[in-house]
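A quick write-up on the structure given underneath.
Since the structure is predicted, the reported quantities are computational estimates derived from the model, not experimental observations.
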2 protein chains.
Amino acid sequence: MHGRAAAIHRSAQESNGRVVFLRRLAREGVSVETLHRPAHRDALVALEGAFDRGDMVVVFGRCTVEYDGRASSSLGPGDRLLLLKPDGSALVHTDEKRTPVNWQPPGSEHRASVRDGRLRVQSRRTTPEEVLDVRFERVDQLSAFSVAERAELALTGSEEDLRNRILDDPALVEEGFEPLETERETMAGPVDVFGRDGEGRAVVVELKRRRVGPGAVRQLQGYVDAVGRETGDETVRGVLVAPSVTDRAAALLDERGFGFVALGPDEGENGDESEDVDPDRERDSADD
Amino acid sequence: MHGRAAAIHRSAQESNGRVVFLRRLAREGVSVETLHRPAHRDALVALEGAFDRGDMVVVFGRCTVEYDGRASSSLGPGDRLLLLKPDGSALVHTDEKRTPVNWQPPGSEHRASVRDGRLRVQSRRTTPEEVLDVRFERVDQLSAFSVAERAELALTGSEEDLRNRILDDPALVEEGFEPLETERETMAGPVDVFGRDGEGRAVVVELKRRRVGPGAVRQLQGYVDAVGRETGDETVRGVLVAPSVTDRAAALLDERGFGFVALGPDEGENGDESEDVDPDRERDSADD
DNA sequence: GTCTAAATGTCGGCC
DNA sequence: GGCCGACGTTTAGAC
């Protein structure tokens, strides 16, 4: 469409003897442009056009990948899918795993070139300085997608939902609990919910949306210690709120004298027995 | 190519009046099959063929996404790219961010169907039970890629590299340090490096490949406490090894009397002044 | 920008 | 399969 697409058409015809397919659709604001088995030069022109238009680009082919930045990596030749987003993200996917084998975060700058008979896509960013280099020896397909319509993701079941649940009904933590502050700052970091119990003692509440291990207890311990030091109060209590705990976490909670409340972010989850439950009772007991 | 492709061709011709493009290439073990603006039934047949062959699939179009499992989410209509992998992974990408807006981990099972005039791709897994539902109102393009060649990723700059660096030259931690055990188990979790200093005192070393905050100090504290309790030794020392620390982390290290060694996983990184550096000196000092 | 912790985190390793 | 911590984590929110 307009100057860019024309340029791609022209290049396609110039591609000496190789079969190049190009299709561009524009309907309801969405357009797709695809090259099959393009010559590198044609792929290059198409890429530059897609970058200019702010398209999402998919390149599939045989390539190598080099990365250098926070760490360094090298990936030998193989078939991969490269996804380039207009926000500067780059993802290199193999046929396995949810996580890309290599990537570049949003804000990076993509550049394409042809060198040594290869299509090269470079993505660079700063702070920290990082470079991703994808060299295609063969491009099987290149597609540019124009993204017209968006929508917001609505997600439930987060830690924030758990917090709201507790602020709505503080008795879920324990009878008489009064929340005073969320994200209360301490030297060890922010406390999820800070409040007082029925007898006026300070209570640090740490929330987790899912089953927790020793890390959550360390976190709670760190906050309890920090509040203790910073207020001079030696009687600060700690309570962990989570759907469940591992054995080790339960033992640590016990050792430190922390409370545990079995509660998840969703309505349907173990919200009933909130009376300062001994963590041992929450685990699968041998006698049931 | 062979039965499957033929079936798609046939279906394509049956697609009443709609323009459908199909291309299948097979060279050097790689093949690509693409439908442009397919009717949902054609897309369905192509998807099933791709699942059978173990192809990587990309679907771009206007869709809604529902997810229910560890959390729940809903995503209104919009243009997205769906990537389906033969290992059961599913990724829904918008034109922003490195992280997919919705996904399903490896091991899930993908099923495609046509319902209510929409192409529906469902991905389900168990343990935990999770479902992803992508409903396409319009498919702009569907591509199936056969992945033939793979290669292993070689990455350097990890925490393991840092550990090896220290095991090679324990004096980097401090003069006289003797490593005795890695991944030493404690109730609070495994200690990166456990050893003794020149005076025979137990030393817990926590390694981090990058700049650390309070979390790393809490981790170290948890291990030091655990080793202290489990051995009855009150004199256990803690040392954090990382390229640098935040102010809060430095203050916590100081408070707990832990040591800090400025060292990263790579050769070129601050490996020189390893003599039990006061964390304060590692931070940007007001007077330089 | 840095800092701090959440995340449908994902992933690997060990049990 | 659960548990545990690393990860080029990424991302959001606060300062």
Side-chain angles (χ1 to χ4, degrees), chain A residues 67-73 89 91 96-107 125-132 153 155-160 162-163 183 185-192 206-216 218-219 222-223 244-249 265 284, chain B residues 67-73 89 96-108 125-132 153 155-160 162-163 183 185-192 206-216 218-219 222-223 244-249 265 284:
Chain A
Y67 154 73
D68 192 54
R70 287 164 292 176
S72 299
S73 75
S89 314
L91 310 165
E96 289 183 330
K97 300 286 141 67
R98 202 215 65 146
T99 306
V101 64
N102 277 114
W103 69 90
Q104 202 69 318
R125 74 145 169 171
T126 54
T127 335
E129 179 78 17
E130 292 195 297
V131 187
L132 179 71
L153 182 77
L155 187 140
T156 61
S158 63
E159 180 177 306
E160 190 186 344
L162 177 55
R163 186 182 64 202
E183 304 296 312
E185 280 298 337
T186 73
M187 197 157 67
V191 171
D192 283 339
E206 174 60 27
L207 308 174
K208 290 295 170 194
R209 65 173 301 282
R210 61 169 200 171
R211 181 175 178 84
V212 296
R218 287 198 297 260
Q219 211 176 332
Y223 298 152
S244 60
V245 291
T246 64
D247 283 358
R248 283 232 273 245
D284 42 351
Chain B
Y67 154 73
D68 192 56
R70 288 164 292 176
S72 299
S73 75
S89 315
E96 289 183 331
K97 301 284 142 68
R98 202 214 64 145
T99 305
V101 63
N102 279 116
W103 70 89
Q104 201 71 316
S108 311
R125 73 146 170 170
T126 53
T127 333
E129 179 78 17
E130 292 195 297
V131 187
L132 179 71
L153 182 77
L155 187 139
T156 61
S158 62
E159 180 176 306
E160 191 186 343
L162 176 55
R163 187 181 64 201
E183 305 296 313
E185 280 298 337
T186 74
M187 196 158 69
V191 171
D192 283 339
E206 173 61 27
L207 308 174
K208 290 295 170 194
R209 64 173 301 283
R210 62 169 201 172
R211 181 176 179 84
V212 296
R218 287 198 298 261
Q219 211 176 331
Y223 298 151
S244 60
V245 290
T246 65
D247 284 358
R248 283 232 270 246
D284 43 351

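Within the 4.0 Å cut-off from OP1 or OP2 of dG2(D), not a single side-chain nitrogen or oxygen of Arg211(A) is found. Put simply, Trp103(A) has a side-chain N or O that comes within less than 4.0 Å of OP1 or OP2 on dT10(D). Within the 4.0 Å cut-off from OP1 or OP2 of dA6(C), not a single side-chain nitrogen or oxygen of Arg163(A) is found. Listed pair Gln219(B) / dA6(D) meets the phosphate criterion, a side-chain N or O lying under 4.0 Å from OP1 or OP2.
Side-chain to base pairing of Asp68(B) with dT8(C): no donor and acceptor N or O lie closer than 3.5 Å to each other. Counting distance only, with no hydrogens placed and no angle test, the side-chain atoms of Glu183(B) and the base atoms of dG5(D) include no donor-acceptor pair under 3.5 Å.
Comparing dT8(C), dT4(C), dC7(D) by their nearest atom to the side chain of Leu153(A) picks out dT8(C). The side chain of Thr246(A) approaches dC4(D) more closely than any other nucleotide in the set dC4(D), dT8(C), dT10(D). In this structure, of dT2(C), dT8(C), dC11(C), it is dC11(C) that holds the atom nearest to the side chain of Thr99(A). Of the candidate nucleotides dG1(C), dG5(D), dG9(C), dG9(C) has the atom lying nearest to any side-chain atom of Arg70(B). The nucleotide whose nearest atom lies closest to any side-chain atom of Arg210(A) is, among dG8(D), dG9(C), dT8(C), dG9(C). The Glu159(A) side chain lies nearest to dA6(C) when the options are dG8(D), dG9(C), dA6(C). Out of dT8(C), dT2(C), dT4(C), the shortest distance to the side chain of Thr127(A) is found at dT2(C). Proximity note for Arg98(B) (side chain, C-beta onward) versus dA6(D), dT10(D), dT9(D): the nearest is dT10(D).
Atom CG in Leu91(A) sits roughly 16 Å away from atom P in dT9(D) (whole-Å rounding). If you take CZ of Arg125(B) and P of dT10(C), they are 7 Å apart, rounded to a whole angstrom. Atom pair Asp247(B):CG and dT2(C):P shows a separation of 13 Å (rounding to whole Å applied). For the pair Lys208(B) NZ and dA5(C) C1', the interatomic distance rounds to 14 Å; values are reported in whole Å. Here dA12(D) presents its P atom at 12 Å from CG of Leu155(A), a figure rounded to the nearest Å. At whole-Å resolution of the value, CG in Asp192(A) and P in dG13(D) are 15 Å apart. In this structure, Gln104(B) atom CD and dA7(C) atom C1' are separated by 16 Å, rounded to whole Å. Rounded to an integer number of Å, the gap from Glu160(B) CD to dC7(D) P is 9 Å.
Residues passing the side chain to side chain donor-acceptor pair (under 3.5 Å) test with Thr156(B), sequence neighbours excluded: none. Here Arg125(A) pairs with Glu130(A) under the side chain to side chain donor-acceptor pair (under 3.5 Å) rule; sequence neighbours left out.
Panel note: side chain Arg209(B), backbone Gly157(B); a donor-acceptor pair is recorded below 3.5 Å. With hydrogens and angles disregarded, a donor-acceptor distance shorter than 3.5 Å links the side chain of Arg218(B) to the backbone of Ala188(A). Remark: the backbone N or O of Glu129(A) is not paired with any side-chain donor or acceptor of Thr126(A) at under 3.5 angstrom.
Among the heavy atoms of the strands, none lies under 4.0 Å from Ser73(A). Counting non-hydrogen atoms under 4.0 angstrom, Gly69(A) reaches nothing in the nucleic acid. The residue Glu129(A) sits apart from the nucleic acid: no heavy atom pair falls under 4.0 Å. Contacts of Pro105(A) with the nucleic acid, taken as non-hydrogen atoms under 4.0 Å apart, include base atoms. When heavy atoms are screened at a 4.0 angstrom cut-off, Arg218(A) is found touching the sugar-phosphate backbone but no base atom.
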I'd like to know whether Ser89(B) forms a side-chain hydrogen bond (donor to acceptor under 3.5 Å, both in side chains) with Arg98(A), so could you lay out the CA-CA distance, the side-chain angles of the two residues, the decisive distance to 0.1 Å, and finally the verdict. CA-CA 6 Å; Ser89(B) 315; Arg98(A) 202 215 65 146; over 6 Å; no
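Rounded to the nearest 0.5 angstrom, Lys208(B) NZ and Asp192(B) CG are separated by 6.5 Å. Atom CD in Glu185(B) sits 5.0 Å away from atom CZ in Arg248(A) (nearest 0.5 Å).
Asn102(B) places a side-chain heavy atom less than 4.5 Å from the side chain of Ser73(B).
Each of Pro190(A) and Leu132(B) was matched to the nucleotide of DNA chain C holding its nearest heavy atom; the match closer to the 5' end belongs to Pro190(A). Where Tyr223(B) and Asn102(A) meet DNA chain D, the nucleotide closest to each residue was compared, and Tyr223(B) sits on the side nearer the 5' end. If you find the closest nucleotide of DNA chain D to Arg248(A) and to Glu185(A), the one lying nearer the 5' end belongs to Arg248(A).
When the C1' atom is compared between dG5(D) and dA7(C), the two are found 15 Å apart, to the nearest whole Å.
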Restricting to nitrogen or oxygen on both sides, can you table the protein-nucleotides 12-15 of chain C pairs closer than 3.5 Å?
from	atom 1	to	atom 2	distance (Å)
dG12(C)	OP2	Lys97(A)	NZ	3.4

